[in-house]
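One structure below.
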Amino acid sequence: MTLKFYNTLSRRLEEFRPIVPGKVGLYTCGPTVYNYAHIGNFRCYAFEDILKRTLLFLGYEVKHVMNLTDVDDKTIRGSQEAGLKLNDFTAKFKQAFFADIAVLRLLPADIYPAATEHIGEMIKIVKVLFDRGIAYQAEDRSVYFSIAKWPQYGQLVNIDREQMRSGVRVKLDEYTKDSAADFALWKAWDEADGEVYWDSPWGRGRPGWHLECSAMSSKYLGATFDMHCGGIDNIFPHHEDEIAQSEAANGCKFVNYWLHCAHLVVDGQKMSKSLGNFYTLHDILDKGYSGREVRWVLIGTHYRQSLNFSFQALEDARASLQRIDAFRTRLQENLANPAGDSGQVEEITSKTLDDFAAALSDDLNISAAFAALFEFIREMNRLLDSGCTGSNAARLALDCLEKLDRVLAVCTPDPGEGVPPEITALAEERQAARKSKDYARADALRKEIESQGWLVEDTPKGPRVIRK
RNA sequence: GGCGUGGUAGCCAAGUGGUAAGGCAGAGGUCUGCAAAACCUCUAUUCACCGGUUCGAAUCCGGUCCACGCCUCCA
């Protein structure tokens with residue numbers, strides 16, 4: 001079984017070969033911490049989480065770096081509006097980000113470098129580019145990367161600058177750059193920046209956006225590393241510019257595999273504040289959905305396919321998750337049984353794990369991976385129905401489920417999803433009524449429990465209470 | 001205008017040359033005090049449309065229609 005990914009660099013599926021066998025250097029573009037991240041952002045981070053978990057599942061050692069952009073136009077403007085120092089302003093959103101990724105069960109990166117803590121490294125790159133004659137300082141005191149001096153520019157996208165729509169956004173008059181396509185490495189300070197600036201050989205200023213990723217990725221992962229991910233919109237100009245800077249400065253290939261995820265749309269339209277379909281994670285949680293349900297929706301569509309987010313999808317998620325929960329509960333109940341025979345279970349679990357790994361190895365085919373999970377559940381349920389209720393079988397099946405969940409991370413409920421004591425009390429009262437064959441009262445109690453959001457199921461082992 | 005995606009059942013979504021995975025919803029059945037859960041059966045003669053290549057196409061080629069993204073700092 002070979003591991004394959006779609007590489008934006010070649011626009012085709014490629015076998016994955018890490019630089020050091022068994023190890024992966026992974027860089028993912030992180031948030032700009034000027035606001036709460038929205039579910040579109042999290043779609044991308046969720047894709048990266050599936051990628052990372054798949055690599056771990058397949059036995060790779062992963063070094064994951066995710067940057068935090070804590071200085072740019074938006075963070076500066078935001079801090080000024082809030083009357084806070086830049087760092088105090090961004091600290092709040094950094095914390096919110098970490099809280100949100102925990103809710104979505106995203107594995108934390110190994111390193112979260114912040115742009116403001118790597119100014120020195122960035123200046124070094126600009127110096128090299130300057131020495132090589134690729135960077136120049138314009139009349140506005142800013143330093144730019146000269147695309148004319150770097151013919152390799154345009155590896156990720158075919159940009160025909162003659163064909164770019166002129167006059168819409170590109171107003172040549174406003175530029176002091178040599179060419180409109182040149183991009184800023186170092187932005188000269190101006191009054192709007194207030195007290196946000198660093199000293200550099202080219203005067204006070206701050207780094208251009210692309211520069212931080214070049215500096216921080218190579219610092220922690222090396223001048224050439226395995227994988228770099230982000231949203232599809234980052235292909236141009238962000239990643240294109242990173243490649244240009246890094247390769248021009250380091251004289252070697254920057255990244256071997258570029259993976260980009262498609263956008264999330266809401267009810268078929270791009271999410272935007274003006275359309276009123278803009279959601280942060282908390283907007284969704286406040287409507288009563290769990291982080292696990294949101295995760296389910298975010299990971300359910302292949303990462304290169306645009307994901308149509310809707311509340312209907314969240315409702316469906318709840319139903320699917322209940323099936324998984326019911327299955328897991330059933331297995332757990334069987335753990336207390338005598339050992340029993342588990343011959344067929346080994347066959348089923350090993351096929352499941354094979355199918356699952358093969359699906360994910362094929363450019364993260366998540367739908368096929370879920371199909372493996374559901375086929376596993378169905379086959380196991382069939383066995384359980386036919387009397388295979390030994391603890392050995394349950395143990396094996398639970399182990400298998402746990403392995404699948406190392407990638408999916410949706411098979412266990414969120415804390416707080418447990419049954420409240422007052423509901424348990426009602427369920428016990430109902431069971432007493434059933435024992436005395438007072439079915440009218442038992443049914444009334446079940447309705448009462450249901451009205452509070454819980455369901456009672458009668459099983460051979462007694463009643464079981466689950467979330468509605 | 002340039003570049004790039006995508007259109008598969010009521011909904012979500014795999015499948016990229018060999019005769020349509022999986023989930024949700026729906027129908028019938030087994031089980032049950034009744035339910036629920038679980039299991040079984042059924043639910044696309046067909047993959048936007050029109051041509052072409054092929055023994056064979058959802059899959060390849062050409063065209064048409066529709067939707068979406070990027071084109072200077074938006075994941």
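Just so we're on the same page: letters track the sequence lines, and every chain starts at 1. Only this structure's heavy atoms are used, side chains among them; waters, hydrogens and symmetry mates stay out.
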**Message:** Can you measure R304(A) atom CZ to A13(B) atom P for me and round it to whole angstrom units?
**Reply:** 15 Å
**Message:** Under 4.0 Å, counting only non-hydrogen atoms across every strand here, what does G230(A) touch: a base, just sugar-phosphate, or nothing?
**Reply:** sugar-phosphate
**Message:** Categorize V456(A) for me: base, sugar-phosphate, or nothing, with a 4.0 angstrom heavy-atom threshold over every strand shown.
**Reply:** base
**Prompt:** What is the distance from CZ of F309(A) to P of A75(B), rounded to the nearest Å?
**Reply:** 18 Å
**Prompt:** Any chance the side chains of Y136(A) and D182(A) put a donor and an acceptor closer than 3.5 Å?
**Reply:** yes
**Request:** May I ask you to say what R318(A) touches in the nucleic acid, namely base, sugar-phosphate or nothing, with a heavy-atom cut-off under 4.0 Å?
**Result:** nothing
**Asked** Under 4.0 angstrom, heavy atoms only, what part of the nucleic acid is H210(A) near: base, sugar-phosphate, or nothing?
**Response** nothing
**Prompt:** Is any N or O donor-acceptor pair between the side chain of K74(A) and the base of C74(B) shorter than 3.5 Å?
**Reply:** no
**Prompt:** So what does D72(A) hit on the nucleic acid, given a heavy-atom distance under 4.0 Å: a base, only sugar-phosphate, or nothing?
**Reply:** nothing
**Asked** Rounded to the nearest Å, what distance is computed from the CG atom of residue D73(A) to the P atom of nucleotide U72(B)?
**Response** 16 Å
**Message:** Taking any heavy-atom pair under 4.0 Å as a contact, classify K447(A): base, sugar-phosphate, or nothing.
**Reply:** nothing
**Request:** Determine the interplanar angle of the F225(A) and Y27(A) rings, folded into 0 to 90°, and report it as parallel if under 30°, tilted if 30 to 60°, perpendicular if over 60°.
**Result:** tilted
**Message:** Over all strands shown, is H238(A) touching base, sugar-phosphate only, or nothing at heavy-atom distances under 4.0 angstrom?
**Reply:** nothing
**Prompt:** What does F183(A) touch in the nucleic acid at a heavy-atom separation under 4.0 angstrom: a base, only the sugar-phosphate, or nothing?
**Reply:** nothing
Extract from the structure each pairing of a protein N or O with an N or O of nucleotides 37-41 of chain B at less than 3.5 Å, listing the distance.
residue	atom	partner	partner atom	Å
A37(B)	O4'	E457(A)	OE2	3.2
A38(B)	OP1	R323(A)	NH1	3.3
A38(B)	O3'	N381(A)	OD1	3.1
A38(B)	O2'	R330(A)	NH1	3.3
A38(B)	O2'	D385(A)	OD1	3.2
A38(B)	O2'	D385(A)	OD2	2.7
C39(B)	OP1	R323(A)	NH2	3.3
C39(B)	OP2	R323(A)	NH1	3.2
C39(B)	O4'	D385(A)	OD2	2.8
C40(B)	OP1	R382(A)	NE	3.0
C40(B)	OP1	R382(A)	NH2	2.5

**Item:** Base of C74(B) paired with side chain of N234(A) (donor-acceptor, under 3.5 Å)
**Value:** no
**Asked** How would you label the contact of S386(A) with the nucleic acid (heavy atoms, under 4.0 Å): base, sugar-phosphate, or nothing?
**Response** nothing
**Prompt:** To the nearest angstrom, how far is L264(A) atom CG from G6(B) atom P?
**Reply:** 18 Å
**Request:** Quick one: label N365(A) by what it contacts on the DNA or RNA (base, sugar-phosphate, nothing), any heavy atom closer than 4.0 Å.
**Result:** sugar-phosphate
Using the 3.5 Å cut-off, write out each protein N or O paired with an N or O of nucleotides 8-11 of chain B and the distance between them.
none

**Message:** Between the base of G33(B) and the side chain of D443(A), is there a donor and acceptor pair under 3.5 angstrom?
**Reply:** yes
**Prompt:** Hey, does E375(A) reach any base, or is it just sugar-phosphate, or nothing, if we go heavy atoms under 4.0 Å?
**Reply:** sugar-phosphate
**Message:** For a quick check of understanding: with a heavy-atom distance under 4.0 Å over all strands, which category does A313(A) fall into, base, sugar-phosphate or nothing?
**Reply:** nothing
**Message:** Looking at F309(A), I'd like to know if the NZ or CZ of R43(A) sits under 6.0 Å from its six-membered ring centre while staying within 45 degrees of the ring's axis.
**Reply:** no
**Request:** Send over the distance from Y303(A) OH to A14(B) P, rounded to a whole Å.
**Result:** 12 Å
